[in-house]
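These notes concern the structure reproduced below.
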Number of protein chains: 2
Amino acid sequence: MTVASKTVSDVIHSHLGVLTRAEKQLAESLLDNYPVSGLGSITTIAENAGVSTPTVVRMVQKLGFKGYPDFQAHLHLEVEATISNPIAKHDRWAQNAPGTHILNRFADAIMGNLRQTLTDLDTATFDSVAALLSDRKRGLYFVGGRITGALAEYFFTHMQVIRPATTLLSSNSSSWPQYVLNMNAGDILIIFDIRRYEQEMVSLATAARKRGAEIVVFTDQWGSPAAKLARYAFRVRIEAPSAWDSSVVTLFIVEALIEAVQNSTWDETKERMKTLEGLFEQTRLFRKPG
Amino acid sequence: MTVASKTVSDVIHSHLGVLTRAEKQLAESLLDNYPVSGLGSITTIAENAGVSTPTVVRMVQKLGFKGYPDFQAHLHLEVEATISNPIAKHDRWAQNAPGTHILNRFADAIMGNLRQTLTDLDTATFDSVAALLSDRKRGLYFVGGRITGALAEYFFTHMQVIRPATTLLSSNSSSWPQYVLNMNAGDILIIFDIRRYEQEMVSLATAARKRGAEIVVFTDQWGSPAAKLARYAFRVRIEAPSAWDSSVVTLFIVEALIEAVQNSTWDETKERMKTLEGLFEQTRLFRKPG
DNA sequence: CGTCGACTGAAAATTTCTTTTCATGACAGT
DNA sequence: ACTGTCATGAAAAGAAATTTTCAGTCGACG
């Protein structure tokens, strides 16, 4: 008996000829709004089709399924296939790498993380944060932990080009008070804090709040304790087939934010970038003769 | 009690704070591959999440549903809404974001980059580099440019935990000669250099080669001039719908390498990580009384 | 008109799912 | 160390769902 690889819909169609009146009626009902109509219990779909539950059992067995649960399991798989996204379909580029190669396992995990993060992520939050970061009246402060420090630096480097008043906090927490001292109400503190959350982040966030700063946190799905103090928090999936967590998706969000901010203030940014180009050029000229 | 008009996913998120450990575990399981994961019976999803069925009941009631069947009915409605909408059918994870939202455009681009990079990438190269970096007799030197400095730092931070003899070169090129002075034959210089290639990288690579160092370059598809001097080069796709290039896929390769190296020397690495834990603990103890 | 065979659903039997109850263990505060 | 609170799952109880049994109905055909 082989039901595999054919959709339930196909199977129903190919059996339409041998179905009895009540069974046809049921089949119609199932194909109408397929496959969602088959999601409920046997009782429900029998009622919807106006037939008895034994009819349902008889039909699905006639179709080659072991019983109603078996039938429904197949349907669930199809729903899953329908819903799950293009990201999952990475078969093509996997050709060069044998299935168990670490690159593939990593790619699988990253795709999953990305999909999951995007599903969970509220675009309104994203847009709000982008707007906040675009506001040049607000100073920006970036801080990261031992691992996430590099992400904070990456974000900072770009924002520094795009707009003025951006500061990267040293990863050494003993110098943080001095930064907090300079914060004004409305300034924004962007915190990167993923698991093995750093205790000091909470203190920093608390101090910054007292100065009237807004807080944006990049954390993982479990949530840094600092996220509780944040106006906005990005919960990013960080799981990887590794002893380490993955920062890939976090970097993805950061890059998207960079683009969003840059885009919303393009005219000003363009001027800044031109000026920057000039400065680089000058530096190069200084050096070359030497 | 009003659950209407909010998705089950929303409801779960808004309750994440008040969920207990087992419930969070369950919530994770449900949100993972949402909403398909919630299609089965209470027994099934409890098993998938690794919790007991009473936990499921308690959680859905905490979320405001009358019981599991009520919860599942809502989920079914959402699946129906998702599937019967042809746009959503195409792109489930984009559901939260209108088609032109920057997050989506970015995700598309990144996926393309990743696929293309993996297609081009020779796994033999990857494995060779991983083996090279795993060799503890070789010193490692990391260097990046203005933008890629953060990637170099990220790579360095991890490798520093995994193995000894790792060095991060300052991004200030004037101090590079001192580092080169310390390089021995067989040492490895890992260079990050993507477009707007930095002139000094070639000089650095040349000098390092003279000292007998091997060179590994992370660059873009067009290739840094330093790549010509390299034993191995990773050509990563960096295109993004942005004025900036994307480092996401580069970070992906870096993370995969970290795992590969860690994996090949796990016994030793484990010891190092334990020791490191101890050191962190001590630091914490030093601080606490203060 | 009668008989046969097949279809159908009511109802019983069975299985599975859902909910409740309760004992255990972890943990915070005293 | 003690105590109370809470989270958790094992197990029992209760509720549905699923399957089976079986009798009634209908149409085909002699």
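Chain letters run A, B, ... following the sequence lines, proteins first and then strands; every chain starts at 1.
- Remark: B:R58 is not in phosphate contact with D:dT8, judged by side-chain N or O atoms under 4.0 Å from OP1 or OP2.
- In this entry the distance linking CD of B:Q25 with C1' of D:dT8 reads 11 Å, nearest Å.
- Within the nucleic acid shown, B:T55 comes within 4.0 Å of sugar-phosphate atoms alone, with no base atom in reach, counting heavy atoms only.
- Distance A:M59 CE to D:dT18 P: 14 Å, rounded to the nearest Å.
- The interatomic distance linking B:L26 (CG) with D:dA7 (P) rounds to 15 Å, in whole Å.
- For the pair A:T219/A:F192, no side-chain contact is recorded, criterion being any heavy-atom separation below 4.5 Å from C-beta on.
- Extent of DNA chain C lying under 4.0 Å from chain A heavy atoms, first and last nucleotide in 5' to 3' order, is C:dC7 to C:dA11.
- Ranking D:dT19, D:dG9, D:dT20 by closeness to the A:P54 side chain, first place goes to D:dT20.
- Residues meeting the salt bridge (Lys or Arg N to Asp or Glu O under 4.0 Å) test with A:E23, sequence neighbours left out: A:K62.
- Rounded to whole angstrom, the span from the OH atom of B:Y68 across to the C1' atom of D:dA17 amounts to 14 Å.
- What separates CG of B:D70 from P of D:dA15 is a distance of 18 Å, to the nearest Å.
- Ranking D:dT20, D:dT8, D:dT18 by closeness to the B:T20 side chain, first place goes to D:dT8.
- Toward the 5′ end of DNA chain D lies the nearest nucleotide of A:T44, the other residue of the pair A:Q61 and A:T44 mapping further downstream.
- Here the P atom of nucleotide D:dT20 and the NZ atom of A:K66 are 10 Å apart, to the nearest Å.
- Contact detail for A:I191 and A:A205: the closest heavy-atom pair is CD1-CB, 4.0 Å.
- Tested against A:F218, the residues A:L151, A:I190, A:D193, A:L251 include a single side-chain contact (heavy atoms from CB on, under 4.5 Å) partner, A:I190.
- You'll find the side chain of A:F65 reaches within 4.5 Å of the side chain of A:V8, heavy atoms only.
- Applying the side chain to side chain contact (heavy atoms under 4.5 Å, CB included) test to A:E153 and every residue at least two apart in sequence or in another chain returns A:T157, A:L168, B:A150, B:E153.
- Distance check: A:Y179 OH to A:L204 CG gives 11.0 Å after rounding to the nearest 0.5 Å.
- The distance from atom NZ of B:K62 to atom C1' of D:dC6 is 10 Å, rounded to the nearest whole Å.
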